[in-house]
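Below is one structure, written out as structure tokens, with a few remarks after it.
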Amino acid sequence: MAKRTVSDRESQALEKAAAYLPGGSNGNTVTMDMVIRGGRGPRVWDLSGNEYIDYALGSGPMLIGHANPEVVAAVSEQLSQGTTYFGLNEHAILLAEEIVKAVPCAEKVRFASSGTEATFFAMRAVRAYRGRDKILKFEGGFHGMNDYGLMSMAPSKPLDFPAPTPDSSGIPESLQGDVLVAPFNDIETTSAIIERYHEELAGVIVEPLQRIIPPAPGFLEGLRDVTRRFHVPLIFDEIVTGFRFAYGGAQELYGVTPDMCTLGKAVAGGFPLSAVAGSADIMEHFAPSDLGTPFVMQEGTLNGNPIASVAGLATLKVLRREGTYERLFATGNRLKEALTRLLYQAEMPAQVVGEAPMFDVIFTDHEITNYRSILDRDQPKVMRFNELLRERGIFKNHSKYYVSTTHGDAEVEQTISAWKSALEALDV
Ligand SMILES: Cc1ncc(COP(=O)(O)O)c(C=O)c1O
């Protein structure tokens, strides 16, 4: 397959990116040597006009594909009414109502603009609710870019549990005392940490499927039991899984209801909106109270922005249609099975990990249970594989295939032949 052609326009844009953006990048974990011009359904085009099947989906938001006509129509109509008011708008209220109907743990909803903010505010809320400071998170768990979330998300030299290591420079050292780290899918160690620290714990935050690693049978149930036993609120970070794994998210798919969750990506249809949702007794802390309930301040210029809210409502309307999730899972499973078969035929030590709407290959022969079990995976190999795939018209981020409801037979077949050819090239 020929290398992609790069037009003068794209080269010039990349030169400007190098001049004006640190590292020529917007900071995201996807290749930065191409500039995307647009997308439609399951495909995107770069500035040079090369076409790709898109498995990045904007890092997840475009669950119903790019430029969905119903979302475009709803947004276009709202644009002429003004784009933000700061005060309440009807669309955000209707979106909150829809979230409460859909998501098992949701009794009340508070909007923010990004996943990073949503997890940050969820953690602030449980600290106010409990009157304690410590947050327990899982090693390898990703909760955005706030200082708490960026503890032991990708430690190169993990410490003994529950000690955290900051993933970024610029995080105050003092915060390390407020974060405990546990191993995902290890309920014994996690329970022991919760039991030992419960007097100081504000809450536990977990991705119900950590990155692409599914919860082991009984893990989420065990976590629910132990947090309930010690009255420690459990937060599911469903920024990725919300409305993707089922209409009610991972909590519906896995049948475990947390006290709170965070939502983003799909719920905003590609616009900047996120949400914290949860039980009324915790969520009421977001409202000033005459009764002495500790108040959690959470103002935001774009909270519940009307454009994002109509995009979210239009997206959810599409997702509610009969058969949507069945088709999404059927497509994802076809892809997962084909990739598993091709890797087996190529005799590569590799596993396809995740759920149908979101998965990737991990080059390892160990059992995959948590962050430490994939520390010695062959990461350069996956990067090379991704690069070979991009040359073959497949665009994805570093560590995930996101499948949309618009990926169909043509995309599946084209992807399988790209995988075949890329695996042959990878083998040499
Ligand atoms: C599980 C999870 N939580 C939080 C975030 C942060 O969301 P955002 O990038 O909107 O800040 C992400 C982003 O990918 C995520 O995957």
Side-chain angles (χ1 to χ4, degrees), residues 25-30 55-63 103 105 110-126 135-154 167-168 171 179 181 184 203-215 220 234-245 249-251 253-254 258 260-278 298 300-305 308-309 311-312 315 353-355 357-360 370-371 396-403:
S25 149
N26 60 11
N28 292 337
T29 50
V30 77
Y55 290 103
L57 295 186
S59 193
M62 310 320 295
L63 176 58
V103 178
C105 81
R110 177 54 69 86
F111 292 112
S113 299
S114 70
T116 291
E117 287 174 78
T119 60
F120 176 73
F121 288 127
M123 289 188 270
R124 181 179 287 173
V126 293
I135 297 289
L136 183 142
K137 78 175 285 287
F138 289 87
E139 189 174 70
F142 186 75
H143 305 294
M145 292 292 119
N146 63 66
D147 289 348
Y148 303 91
L150 271 188
M151 293 283 187
S152 295
M153 184 267 287
D167 295 294
S168 170
I171 294 179
V179 178
V181 174
F184 188 68
V204 172
I205 187 163
V206 64
E207 288 182 274
L209 169 138
Q210 185 172 289
R211 306 288 67 211
I212 54 171
I213 304 176
L220 293 176
L234 176 62
I235 306 164
F236 275 8
D237 181 350
E238 294 231 41
I239 300 286
V240 166
T241 54
F243 292 98
R244 188 182 313 275
F245 280 15
Q251 47 196 289
L253 181 72
Y254 297 133
M260 290 183 97
C261 74
T262 53
L263 300 163
K265 301 202 192 255
V267 76
F271 286 80
L273 174 143
S274 62
V276 182
Q298 191 270 335
T301 302
L302 296 175
N303 281 358
N305 168 267
S309 298
T315 300
V353 184
E355 299 283 0
M358 201 191 78
F359 60 87
D360 208 341
N370 55 32
Y371 179 75
K396 67 182 284 281
N397 76 9
H398 286 351
S399 54
K400 260 178 218 171
Y401 291 85
Y402 275 113
V403 182

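Both ligands and their constituent atoms are indexed starting at 1 by order of listing.
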Region of Gln210 engaging ligand 1 - heavy atom pairs below 4.0 Å: neither
Rounded distance [0.5 Å steps], CE in Met145 versus CZ in Phe120: 14.5 Å
Closest protein heavy atom (residue, atom, distance) for atom 14 (O) of ligand 1: Lys265 NZ, 2.7 Å
Do Leu209 and Tyr254 pass the side-chain contact (heavy atoms from CB on, under 4.5 Å) test, and can you show the C-alpha distance, the side-chain angles, and the key distance before you say yes or no? CA-CA 10 Å; Leu209 169 138; Tyr254 297 133; 3.5 Å; yes
Once you round to the nearest 0.5 Å, how far does CG of Leu220 lie from CZ of Phe184? 6.0 Å
Quick note on ligand 1: atoms under 4.0 Å from a heavy atom of Ser114 include exactly 10 (O), 11 (O)
Using a strict 4.0 Å cut-off to heavy atoms of His143, name the atoms of ligand 1 that fall inside it. 3 (N), 4 (C)
Check against side-chain contact (heavy atoms from CB on, under 4.5 Å), Asp360 and Tyr401: CA-CA 6 Å; Asp360 208 341; Tyr401 291 85; 3.1 Å; yes
Asp237 neighbourhood, listing ligand 1 atoms whose heavy-atom distance to it stays under 4.0 Å: 1 (C), 2 (C), 3 (N), 4 (C)
Are Thr116 and Asn146 close enough that a side-chain donor and a side-chain acceptor fall under 3.5 Å? no
Close approach of Glu117 to ligand 1, heavy atoms, under 4.0 angstrom: no
Show the atoms of ligand 1 that are less than 4.0 angstrom away from any heavy atom in Glu207. 1 (C)
Going by the 4.0 angstrom heavy-atom rule, the piece of Thr116 near ligand 1 is both
Point-to-point distance, once rounded to the nearest 0.5 Å, from NZ of Lys265 to CG of Leu63: 12.0 Å
Nearest non-hydrogen protein atom, atom 8 (P) of ligand 1: Gly115 N, 3.4 Å
What protein heavy atom sits nearest atom 12 (C) of ligand 1, and how far away is it? Phe142 CE2, 3.4 Å
Can you spot which of Ile205, Val204, Asn370, Asp237 makes a side-chain contact (heavy atoms from CB on, under 4.5 Å) with Phe138? Val204
